[in-house]
Enquirer: 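Okay, handing you the structure first.
Since the structure is predicted, the reported quantities are computational estimates derived from the model, not experimental observations. Just so we're on the same page: letters track the sequence lines, and every chain starts at 1.
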Number of protein chains: 2
Amino acid sequence: MNGGLRERKRAATQEKIERAALSLALEHGFENVTVDMICEASMVSQRTFFNYFGSKEGVIIGGTPPMPSDEHVDAFTRATGSNLLADFLTMITSSLLDREPDAALFEARRMLIMRTPELLIKETARMGESEDQFVAIIMTRFEVQGIKRANQTELEDEARMVVALTTGVLQYVRRRWANSQPGASTRDLLSNSIELIQRITNDQPQQSKGTAH
Amino acid sequence: MNGGLRERKRAATQEKIERAALSLALEHGFENVTVDMICEASMVSQRTFFNYFGSKEGVIIGGTPPMPSDEHVDAFTRATGSNLLADFLTMITSSLLDREPDAALFEARRMLIMRTPELLIKETARMGESEDQFVAIIMTRFEVQGIKRANQTELEDEARMVVALTTGVLQYVRRRWANSQPGASTRDLLSNSIELIQRITNDQPQQSKGTAH
DNA sequence: TAAATAAATGCATAGACTGCATAAAACAGC
DNA sequence: GCTGTTTTATGCAGTCTATGCATTTATTTA
């Protein structure tokens, strides 16, 4: 059933731990906060903490790796005619934004990540864990849109490169986002980033566009 | 002085630990090998192990973050007229290749990383730690080549994006490299990757090239 | 050969994390 | 409301990575 006592208590506990963790980390810095401190502040056992979040970073960057919702995936695979990299990037950022409905927690996280480069790196790493699933999503889009290459491998390489580029760009975007104003538009940030990518990759003053061999 | 007993012994110890670690990790898998096992196999104390490598991953992916030599940096900042991203990527991979002169260790590392996605991620993370230094190198190239933008910030953003893209692409390249034949050419792999990037970023069937706004 | 420097080690300790057993709470059916 | 079942929370013991500090051992330099 939905909204049972059990479920609500679970959500409450999770939030309580998260709030305690964020608050402590903002005050003392992430690395100076121990799991025990978080447990004491949120009045749960250490074991419970790990049951919920799996690791110390987990409580900040999310206990489970981020996966876009079916709606986002659908929109992505069907968004024909636009730029693949831009669309993928948009899907990922959208699903990241959806994950945190509470504005205060959202902002706290932003500040924390800004102050803790290590967390930004870990977040990137976590994204990398889901690589295969992301590749699958992109392959679906290729299929839906009837995009073919000489062979399946080539198509998969392309998908893998898109994911790789995205994890890289995400690091850039997150940094910019972390240093931006609280209310700043993610959309603008994204389109600026994509412009920048295109400027960089298209800029090749003297080299011909053909293969380098 | 150079080649003193001290220095040679140090190099010998380091190599002994590295060999033991790689051998054990290939046999049992990285996560099933403990630091104590490595210490016993290489006959050093645990403390010595950490003095050399700082962490368990360190013994596999290198005790210190990878930084290109002055020669590489020089070549990069002066290589005018070519593609920025390609040149930067080349510099990074070159310096990575230079790090391991021993072919057997090199190959062992390749196999290990192929079998241990976690290590690939950690390696990427380590690269991210040096971001600021890389940005500085790129800024130097801008300066050497007299490249200007509206303001310094814009230039730095561009540099940061190049680093971000590179860390992403590196993940792709490393995966390809890990799964390739022992003798495969890194140069070919690189140029293929760069072609792929250009195909992806230039491919925008219906969207005009201008700003999305 | 003696002083200075560097390397290796031992020991104590913190802190993250896991496995396992058990207690407490919530649920489902009656 | 009572009872058996399923989740959730906890306690505890133990493993493993990692660090600080003091001490010993080896190499270098003067």
Enquirer: Apply side chain to side chain donor-acceptor pair (under 3.5 Å) to the pair B:Arg175 and B:Asn179, showing each step before the final yes or no.
Expert: CA-CA 6 Å; B:Arg175 182 183 295 273; B:Asn179 293 334; over 6 Å; no
Enquirer: Starting at CD of B:Glu7 and ending at P of D:dT29, how long is that distance when rounded to a whole Å?
Expert: 11 Å
Enquirer: Should we say atom CD of A:Glu143 is surrounded by more than 12 heavy atoms from elsewhere, each under 6.0 Å from it?
Expert: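 Atom CD in A:Glu143 is not crowded, with 12 or fewer foreign heavy atoms closer than 6.0 Å.
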Enquirer: Does either side chain, that of B:Glu18 or that of B:Gln14, offer a donor lying less than 3.5 Å from an acceptor on the other one?
Expert: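 Side chains of B:Glu18 and B:Gln14: pair found under 3.5 Å.
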Enquirer: Would you say that A:Gln145 contacts A:Leu84 through its side chain, given a criterion of any heavy-atom pair below 4.5 Å between the two side chains?
Expert: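 No, too far: nothing below the 4.5 Å cut-off.
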Enquirer: Among residues 41-52 of chain A, which contact DNA chain C at a heavy-atom distance under 4.0 Å?
Expert: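 Within this stretch, A:Gln46, A:Arg47, A:Phe50 sit under 4.0 Å of the strand.
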Enquirer: Could you check how far CZ of A:Phe53 sits from P of D:dA9, rounded to whole Å?
Expert: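 Answer to the nearest Å: 11 Å.
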Enquirer: In terms of side-chain heavy atoms of A:Arg6, which of D:dT6, C:dC17, D:dT28 is nearest?
Expert: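 The answer is D:dT6, which lies nearest to the side chain.
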Enquirer: For a salt bridge (charged side-chain N to carboxylate O under 4.0 Å, His left out) check, start with the C-alpha distance between A:Glu154 and B:Arg199, then their side-chain angles and the critical distance, and finish with the verdict.
Expert: CA-CA 12 Å; A:Glu154 209 172 317; B:Arg199 197 200 305 168; 3.8 Å; yes
Enquirer: Tell me whether B:Arg99 at atom CZ has more than 12 heavy atoms from other residues, nucleotides or ligands lying less than 6.0 Å away.
Expert: yes
Enquirer: Just how far, in rounded Å, is P of C:dA14 from NZ of A:Lys56?
Expert: 16 Å
Enquirer: For B:Glu107, is the CD atom crowded, meaning more than 12 foreign heavy atoms sit under 6.0 Å from it?
Expert: yes
Enquirer: D:dG14 P sits how many Å from B:Asp36 CG, rounded?
Expert: 17 Å
Enquirer: Could you tell me how far apart A:Leu5 (CG) and C:dA28 (C1') are, to the nearest whole angstrom?
Expert: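 Distance, rounded to whole Å: 15 Å.
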Enquirer: Among residues 11-27 of chain A, which residues get a heavy atom nearer than 4.0 Å to DNA chain C?
Expert: none
Enquirer: So, are A:Asp74 and A:Arg141 salt-bridged, with charged N and O less than 4.0 Å apart?
Expert: no
Enquirer: Check each of A:Phe142, A:Phe134, A:Phe88 against A:Phe76 using the ring-ring contact (aromatic ring centres under 6.0 Å, His included) test, and report the only one that passes.
Expert: A:Phe88
Enquirer: Considering only C:dA16, C:dA25, D:dT28, which nucleotide approaches the side chain of A:Lys9 most closely?
Expert: C:dA25
Enquirer: Take atom CG of A:Asn32 and atom P of C:dA16, then tell me their distance rounded to the nearest Å.
Expert: 11 Å
Enquirer: In whole Å, I'd like the distance from the CZ atom of B:Arg10 to the C1' atom of D:dA26.
Expert: 14 Å
Enquirer: If you define the side chain from C-beta out and look only at heavy atoms, does anything of B:Gln198 sit under 4.5 Å from B:Asn83?
Expert: yes
Enquirer: For the helix from C:dT1-D:dA30 to C:dC30-D:dG1, how many degrees between its two end axes (five pairs per end), to the nearest 10°?
Expert: 20°
Enquirer: Can you confirm whether more than 12 heavy atoms, excluding those of A:Met43, are under 6.0 Å from its CE atom?
Expert: no
